[in-house]
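Worksheet: the structure to be examined is printed underneath.
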Amino acid sequence: MGGAGWYYVPKVWTPAGGWWNNPKNWRTNTGILGVGLVLTSFMIFRVSAAKERRPVPPLKHIPSQRWCKFAKIDDPSYK
């Protein structure tokens, strides 16, 4: 009956380091991953902004027109 003397821990090898892993360099790994995520997002943003075209001028202002390369060409009323 009850009691807190024993806790079931499965004997399974995992590539992540076990069931309750706490690697010493988790902050560094998280920082590297965060920087990589920001850089990848920035590169995708730059490619998207460079290729964005609007064959029909929008009726209202669209925020992405501020950084779109072809905004003044595609929309003559854009200032």
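This chain uses plain numbering: 1 for the first residue, then up along the sequence. The analysis underlying the following values was restricted to heavy atoms, covering all of them including side chains, and did not include hydrogens, waters or symmetry mates. On a predicted model such as this, the values are computed, not experimentally measured, just so you know.
Not a single side chain to side chain donor-acceptor pair (under 3.5 Å) links T28 to another residue, sequence neighbours left out. Applying the side chain to side chain donor-acceptor pair (under 3.5 Å) criterion to D74, with sequence neighbours excluded, gives R53. Taking R54 as the reference, E52 meet the salt bridge (charged side-chain N to carboxylate O under 4.0 Å, His left out) condition, with sequence neighbours excluded.
Its side chain outside the 4.5 Å cluster rule for every partner, I62 clusters with none of the Ile, Leu, Val, Met, Phe, Trp and Tyr residues. Cluster note: F70 groups with I73 through ILVMFWY side-chain heavy atoms spaced under 4.5 Å, whether in direct contact or through intervening members.
Nearest heavy atom pair, residue K69 against residue A50, reads CD-O, 4.2 Å.
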Donor-acceptor list for residues 39-49 side chains, cut-off 3.5 Å, not counting sequence neighbours:
residue	atom	partner	partner atom	Å
T40	OG1	G36	O	2.8
S41	OG	L37	O	2.9

